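Order of the sequence lines sets the chain letters (A, B, ...), proteins ahead of strands, with each chain counted from 1. Since the structure is predicted, the reported quantities are computational estimates derived from the model, not experimental observations.
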Amino acid sequence: MKTTKYIIAATLAVLGLNACEKLLDTENYTASNTANFPASFEEAEMMVTAIYSNMNHMSSRPSAGTFYFVSELASDDRFGGSGGQSFDKLLVTGETAFDFSWAQYYKGIYLANSAIEGLKLMENDVDDREKYEQLLGESYFMRAYNYYEMGTLFGRVPLLTSTTQDSNSPQVEPDVLFGQIASDLKQAIDLMSNKPWNAYVEFGHATKWAAEALMARAFLFYTGFFQKDSMPLAEGGSVTKQEVISWIDDCVNNSGHDLVGDYRNLWTYTNKYTVDDYPYTAGVKGVDGQPLLWAGNGNKEEVFSVKYMNYCGYYYPGQEGYSNFYIPFFGFAGTNGTGNTFPWGNGNGVGTVNSGLWEDWNREEPGDLRIRASILSIEEEVPDYDSGDISGQWEDCGYWAKKTLPVLAKAAYERQGSWVSSIFWAAYPEFDQANNYGITNWGGHFQDLILIRFADVLLMQSELKEDASGMNRVRARAGLQPVGYSLEALQRERRHELCFEGVRWNDIRRWHIAEQALSGQNNRAMNNAGADVVLRDGRYAERYKATEGFFPIPASQIRLSAGVLQQNAGWKEGDNYLYTVWNFD
Amino acid sequence: MQVKLTRFFLTLALGLAGISAWAQMGVKGTVSDSYGPMVGVSIIEKGTSNGTTTDLDGNFTITVSDNATLVISSIGYATQEVAAAPQLTIFMKEDSEFLEETVVVGYGVQKKKLVTGSTVQVKGDDLAAMNTVSALGALQSQTPGVNITVNNGQPGEGFKVNIRGLGTTGDSEPLYVIDGVAGGDINSLNPSDIETIDVLKDAASAAIYGARAANGVILVTTKQGKEGKMQVSYDMYYGWQNLYKRPATLTAQETMAMADEKAFQDGNPAINWEGRLGAKTWKRLQEGWKGTDWVEAILVPNAPTQNHALNIAGGTEISKFSGGFSYTDQNGILGKPVASHYNRYTARLNSDHVLLRSGDRDVIKVGENLTFYYSTKTGIGQLMRDYNDIRNAITASALLPMYDDEGNLYDRKDKEADGWVYASNEANPVLVMKSAHGNNLSRNYGITATAYTEIMPWSWLKYRGAFSYRMTAGSSRSLTVPYHAAGNTGSDAYKVDQSASLGHRISWENTLLFTMPKQGKHSFDALLGQSFEKTAVGERMSVSNSAPDGSQLPTMQGDMAHAWITNTANSLTATEIGGSPWPEWALLSFFGRANYNYADRYMATVILRADGSSNFARGHRWGFFPSVSAGWVVSEEAFMEKTRDWLSFLKVRFSWGQNGNQSISNFQYLSPVAFDPSHTYNFGNTILNTTATKPVGAYATNLANPDVTWETSEQFDLGVDTRFLRSRLSLTADYYVKYTRDWLVPAPVLATAGTGAPYVNGGDVRNEGVELSLGWNDHVNQDFHYGMNVNFSYNKNIVTRIANDEGILHGDAEVLDHGGSEFYRAQEGFPIGYFWGYKTAGVFQNQQEIDEWIAAGNGVAQTDPQPGDLKIVDYHKDGVIDDSDKTMIGNPHPDFRLGVSANFGWRGLDASVTLNGAFGHQIVYGYRSSTTDAFDHWTGEGTSNRFPRVGTGATGGKSVTDTVLENGDFLRIQNLSLGYDLKHLIKKLPFQQLRLYVSAQNLYTFTKYPGLDPEVGFGGNNLYGGGNSWVSGIDLGSYPLARTYLVGLNFKF
């Protein structure tokens, strides 16, 4: 009897407690959690979308150690200008210089790892096998893309390939890192659709063709920089040069990608609102016999690009990166861009062009239309340019990169009422700057940031096969005569065709000509905020020797890792890596 | 009987005859106390206005009816009633009323004398007398150990409150309990509605609120009904507010001089001002124009503030009620032409009714409390570096004209037309404020309704059950109109934001109070209780839309009256829509308290509370919070007999307890996956798309920590309460040590983790301090009384653990300047939020000093140091200046706080003064370079040994040094009032009181801090408007407190 009482009491107590717990259970009605997500194929697809968005977030702070920005300034073709001087000299202004990009890369990698894991969970519920494999391939591609940029920027980095891996993982050797890149790209090539570039997915998605091109790029860097014959695979074995050649041939032959009719049609100054008002392009017929006209975003020559849209703002961290924020950085500083320098616009004044490039190119290939298609000579084209005295322009040799300058249009001026915000995008009738920072000249840039261009694919094909046919196809489009293959010719061609597109820096490193090429920036005459100076010695060779072109691991991460992460050579205490003031006179 | 009857008839007869002289009697008497004769004692014939006072020798004479009763009173003494007699000797006993006073202790009241924890009570009347909009403003100087700092002076902005030091980097606000309902908003009450505020400072007192008490508890009791004559009072004031101190911003000429000097220092060519500013502006300058004074431009002189409060109370012993209505309106002193504004309406009705009575005991009683408020607020941009109109006005260049020739605000087109090319990003701050920041209106509504019943079947048992419902609702709108101030500052569109939200919360609590009948000298009572609180699913809707200029509807005009989404509906390309629930939350609690006391001499209290919070995963939900406390009234002891002459009361108390803090957002134990436009991507070739047509990405927002659980604070308190000299002098002293453990902090995980950090129980902090409260209240005679209170508190804050490898919780970067590094942090061994940067050792005066400095093995920050450069201390003497040389350069927490109040009354006249101050802390002076203080820099040997020359590189690129800090010590005359009760002059007035007064607020501040206001609660938001609540003392230019003069009126019927 007594026992029964106790049992009843105990049962009631347990029931009571359980009821209490139930009172305290809550549900989140607007977010899922990793325990129950993804629950459908559509949700897994959203995880893939998020990987791409990370490229926009990366664009939100170009000067915070991003690959494209750093590669451009560190290369021999550009100086730092106003605000990029540290990267140009292989220095940093402080120990936080790469905090942002480092973290952003790992966000991209985490998103890719989540998507790979999420898709694999869905594998058995999938009806559309082709789409499933395409999305999985894209996820592998994106992981490889992030690791490729990291691997060339930082050298030894921690390799995380799952969301549950200990985040405090040690750095891996380049063999291991590039092994993973090769393995991911090989899977991506195998998985993704064979259909032409624009036949299966919307532009912006990675394709099999982009994976083949990136494989070639990674292979050339790895085998060149580290002086190897083949690239290892994470699962064992290796990727041989012959395999890479077959992939790049596949890309050239089967992707559907092609060169656009005229080189100048790749760059936004030939857009329909500007082309007729810009003396350099007005009334000019292209190599293809057609009037010059910008081929637009997502044209057939773009193999892989970062896409932008009308969604730039402050609402979410990184949202500024929904416009191509690199462009305003590379615009003129000071008071230029208010119509006096039409069609070129205002910006931060970063990345002035090395006069050595202009001189070399005019000597090496005097008739090349790509010289003036790529480089703006202030003297020739914009005599009203003002070098400024207060917040003026630094390291100004009188040459600018047309590919990345903000481009103005008169139709935009009529809509905006002021030159400052009259970048040509504002001329489009559907242009709505409401979301773009509220500021046209910052938030209104939508041109794709081209990461891999088909001309690059052709040049890589030539380089891998040591055969001039790809190279000569590129030359023909520039109106130039064919040449025979030599490494020197190939190197020149890549420098010319791909200048200011973020590839030169890794090219000179993998060819082991970096010290010499960088030193070519010494003894250049330039203007610093109104003062004529000569950059006597930028100590380029010394810094390159010390660093091999790798940049520092963020010091805060090293501290947090409690000794697991090691700083790169040339960036340790006593290495004199801080840029403080311009003192190269 | 016979005699009485005879007298009755005699009285009747003589009364009828109108002769009464014989019934008068003369009374002579002496009044004394233990010290001897008393002067100024009041003697009144009961029920009449006939009275007198004692003379210097304590004697009095009065003529009264022969059966009269005399009422003998003197403040500070127990009032006596004696039958009239020709000769009287009266001995006055000191009033020990204060010992009978009760204080609110959470789920009940307790005699002040018996309280064993550390609490402080402030009376509502004292709060109301300060004439502040928020009760917190009035509390500021009256509660030692309660640190109340103004966030900023914009109307309707709140206060930062922490009790006994900052205990966490998370939510450090105390728990507010209003009429027994936890979690209310004290700013929704008019100070005139408040009967008392009781602050539970130590862990033992607060333990009854368990899981939310770690930061202390503030109990607010609103005015309750009173038995007797109906009382109606009306209080109002009207005031004029002005900027107390304006920054000495640079004139046009001074701006140019600074720029010229910098250009010269940098070896740049001299600035061609005419070419840079344009011929027109240059000409104006030549004609003597001093430039635009932007601060002057946004000043609102004599900004009005007013308050009206009506209170009614009355009732019988069966039914009582109290009601109040109020209206408050405050205009801002800065922000013309948009201006800040706040107003608030409140209504309150409290009543209780006895349904069943047995003898003296209310067997069944029911009651309700109902409060309602409605407030509106309009403000200008502030609190961030960029989105800050005050800062913009201070830092904008005086060279920029305010208006163009047509009288329109000077904008980008004017700059282009005039050829103004100097500093191209310079934007007209008034234009920015008027177009983008200042057009907003938010409204807030709230109702709290509580119904309760009390059942007392026996005198030893009382049950109380209360159910309460709280609704809060709000709506807001804002508008940006097209404007173009500068190249990177402008908008081409009308942008309208509109949002509304609604939340509900219920609580249900039941308590049983057992009061054991006294067993000899033993008293014992116990409380058992249960409560359940829950938020129902609230909702939030928001829409924002932009219509590019030209595409808006014709009804869209550039003002708030037309700022409705519908007016932008022609353009739906940039629409953001949000609709989300308010997170659900629930707290289930069981608690008990036992009080024991022996002869009112020895007492002890034990409290235990168990809380389960929905913020944690099953298995980590329940927390148990115990406390014990004890007190000893030493003055009751027989051996204290001989000190009783001067020592009226002495109590020693000790307490220990643990409290929790459950205040973190829910679901941290999971890794949430969000779907929102922040992770969208523009597939395809449509270039000008918004997120409306693009796929949304899904991503995990942060890593999970399934083990996340409470913060716990543990506190020891040792205190003394004393009264001296007939209780005129009082002294309360407390010493405490408070450890707060396991803060819920986002763990600074490695970036390799790839997503947001989880919350972990990661940090400990120790607060140790002393509080003293000294009071003197005396009455010289019936007409004159005076009093003074001094509160002093000292607190030391030290972080003892942060559970990551660095032992550091980093602050935001870029708070002070663009690209600037982190400069405050929480770190083991330092106060929370201390300022972290380079120490400086002066300025190199000449080359020899540079050489000596280097020869001594010190590093220099400058690549090529020259005289006038800053000497940055090479902490490690390793010849390199890098982050490892950064150290603590300042502390935002005051060491000491002081509150002083004094008052006196003489006949109908009253006067009071209140001061508050804080000492020993530093403030970041974030706009020195925009004021004439910028001229204090080095210009040659011996000119300055603190601020370097103005040239580039003088600081070696080290922007965060101790030169940005200033000592923040201040003492402020917070309130000075002078009033007169006309009733005293004109006795026939049909009021109980008709008091007229004048008052000055924020009259003067003694400080050496050069900025606008040394009270800087704010710590700086990051670029996205977020920020860390644990940092303070960063003055980027925030809304200063006004100096207010007011006149007021108190009526009492």
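Neither the backbone nor the side chain of A:Thr164 comes within contact range of chain B; no heavy atom of the residue lies under 4.5 Å from a heavy atom of that chain. There is no contact between B:Asp549 and chain A, counting heavy-atom distances below 4.5 Å. No part of A:Thr96 comes within reach of chain B, as not one of its non-hydrogen atoms sits under 4.5 angstrom from that chain. Residue contact with chain A, scored on non-hydrogen atoms closer than 4.5 Å, is absent for B:Phe616. Contact annotation for A:Leu111: only side-chain heavy atoms (C-beta onward) come within less than 4.5 Å of a heavy atom of chain B. Of the atoms belonging to A:Asn168, heavy atoms from both backbone and side chain fall under 4.5 Å from chain B. Heavy atoms of A:Glu573 lying under 4.5 Å from chain B belong exclusively to its side chain. Proximity to chain B (any heavy atom under 4.5 Å) is restricted, for A:Glu95, to the side chain, taken from C-beta onward. When heavy atoms are compared at a cutoff of 4.5 Å, B:Asp864 does not approach chain A at all. In this structure, the portion of A:Leu578 lying under 4.5 Å from any heavy atom of chain B is its side chain and not its backbone. Using a 4.5 Å cut-off between heavy atoms, A:Val306 touches chain B through backbone and side chain atoms alike.
By the 30° and 60° cut-offs, the orientation of the rings of B:Phe683 relative to A:His205 is parallel.
Here the rule is ring-ring contact (aromatic ring centres under 6.0 Å, His included) with A:Trp102, and of A:Phe98, A:Tyr106, A:Tyr105 only A:Tyr106 fits it.
Centroid-to-centroid, the aromatic rings of A:Phe584 and A:Trp582 come within less than 6.0 Å. In this structure, B:His679 has its ring center at least 6.0 angstrom away from the ring center of A:Tyr52.
A:Asn33 and B:Ser671 share no donor-acceptor pair across their side chains, judged by distance under 3.5 Å alone.
Per-residue counts of heavy-atom pairs under 4.5 Å with chain A were compared for B:Asp878, B:Thr752, B:Val537, B:Asp883; the largest is that of B:Thr752. For the set B:Thr755, B:Leu750, B:Thr701, B:Val880, the entry with the most heavy-atom pairs within less than 4.5 Å of chain A is B:Leu750. Of the listed residues (B:Glu416, B:Arg621, B:His810), the greatest number of heavy-atom pairs within a distance under 4.5 Å of chain A belongs to B:Arg621. In terms of non-hydrogen atom pairs under 4.5 Å with chain A, the most contact-rich of B:Leu703, B:Asp676, B:Ile808 is B:Asp676.
Counting heavy-atom neighbours within 6.0 Å of B:Lys886 NZ, excluding the residue itself, gives a total above 12.
In terms of heavy-atom proximity, B:Tyr681 sits nearest to A:Asn56 at CD1-OD1, 3.2 Å. Minimum interatomic distance between A:His57 and A:Tyr322 (heavy atoms only, all atoms of both residues): NE2-OH, 3.7 Å.
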